[in-house]
Amino acid sequence: MSVANKPVAKPQIRFREESDNWVILFDPDTGNSRVLNPISAFIWKLLDGTHNVSDIVEQVRDFYTNVPQEVDQQITEFIEVLATKGFVETTSEGTAAS
C-alpha cells in the first residue's frame, strides 16, 4: 500500500462498540464480521478517506505510548487485511475510491 493511499471504511459497514473499547465490524451485504481491539478501533475511526497511512501512523504515535518502531508496517498490513476482507477501500491522492 502506498503512503499516498487514503483508506476509507465502506459506508455499509456497521461499527458497534462493545465494552472496554473493543469493536465489532459487520458487513450486512456479505455477512462478514471482524472484532477489533482498542488500537485497531482507534485506527478504524481514522479510515475516513482524509488520512493517508502516514497520517494514521502519526496519530497512533501521538496518542499511544511505547509504540513499536515497526508500527507503520503493522498498520499498513492491518489496513490491507481490512481491504482484502472487503471492509475498506483505498484511494490515492486526487482519485476516488474504487
Side-chain angles (χ1 to χ4, degrees):
M1 176 176 299
S2 164
V3 294
N5 289 120
K6 292 186 175 184
V8 60
K10 289 185 176 179
Q12 75 269 22
I13 303 300
R14 302 294 178 247
F15 176 94
R16 179 175 163 183
E17 229 165 326
E18 296 291 325
S19 63
D20 297 333
N21 296 321
W22 283 74
V23 166
I24 297 172
L25 301 180
F26 176 70
D27 184 344
D29 293 342
T30 65
N32 291 336
S33 63
R34 185 162 188 98
V35 176
L36 304 181
N37 66 30
I39 295 172
S40 297
F42 179 87
I43 294 167
W44 176 266
K45 292 174 183 178
L46 296 172
L47 302 180
D48 58 6
T50 64
H51 299 93
N52 64 30
V53 176
S54 295
D55 296 336
I56 294 169
V57 169
E58 183 178 331
Q59 292 269 347
V60 168
R61 287 186 189 279
D62 288 346
F63 190 79
Y64 291 97
T65 57
N66 300 320
V67 176
Q69 288 290 79
E70 63 276 0
V71 71
D72 53 338
Q73 179 183 351
Q74 293 170 342
I75 290 172
T76 299
E77 290 172 3
F78 170 66
I79 295 169
E80 287 173 349
V81 166
L82 290 177
T84 300
K85 299 292 183 182
F87 292 101
V88 170
E89 299 174 321
T90 58
T91 63
S92 294
E93 300 281 352
T95 63
S98 53

From Leu25 atom CG to Lys85 atom NZ, the distance as rounded to the nearest 0.5 Å | 13.0 Å
May I ask you to test the Leu82-Arg34 pair for a side-chain heavy-atom distance under 4.5 Å?
-> yes
Output yes when a side-chain donor or acceptor of Asp20 lies under 3.5 Å from a complementary backbone atom of Trp22, and no otherwise.
-> no
Ring geometry between Phe87 and Trp44 (parallel below 30°, tilted from 30 to 60°, perpendicular above 60°) | perpendicular
Distance in Å, Lys45 NZ paired with Glu17 CD, rounded so as to fall on 0.5 Å steps = 4.0 Å
Return the minimal non-hydrogen interatomic distance between Ile56 and Ile79, and the atom names on each side.
-> CD1-CD1, 4.1 Å
Taking all non-hydrogen atoms of both residues into account, name the closest pair between Tyr64 and Pro38 and its distance.
-> OH-O, 3.7 Å
Under 4.5 Å between any side-chain heavy atoms of Asp29 and Lys10, yes or no?
-> no
Distance from Asp27 atom CG to Arg14 atom CZ, nearest 0.5 Å?
-> 9.0 Å
Is there side-chain contact between Asp72 and Val53, with heavy atoms separated by less than 4.5 Å?
-> no
Describe, in one word, how the ring planes of Phe63 and Phe42 are oriented to each other, choosing from parallel (under 30°), tilted (30 to 60°) and perpendicular (over 60°).
-> parallel
Rounded distance (nearest 0.5 Å) linking atom CG of Leu36 with atom CD1 of Ile43 = 9.0 Å
If two hydrophobic side chains count as joined below 4.5 Å and joins carry through other members, does Val81 share a cluster with Val60?
-> no
In Å and rounded to the nearest 0.5 Å, what is the OG1 to CG distance from Thr90 to Asn52?
-> 12.0 Å
How long is the span from the CD atom in Glu89 to the CD1 atom in Ile13, to the nearest 0.5 Å?
-> 9.5 Å
Are Val67 and Ile39 co-members of a hydrophobic cluster defined by side-chain heavy atoms under 4.5 Å apart?
-> yes
Among Glu70, Gln69, Glu77, the one residue meeting side chain to side chain donor-acceptor pair (under 3.5 Å) with Gln73 = Glu77
Nearest heavy-atom neighbours spanning Phe78 and Ser40 = CZ-CB, 3.6 Å
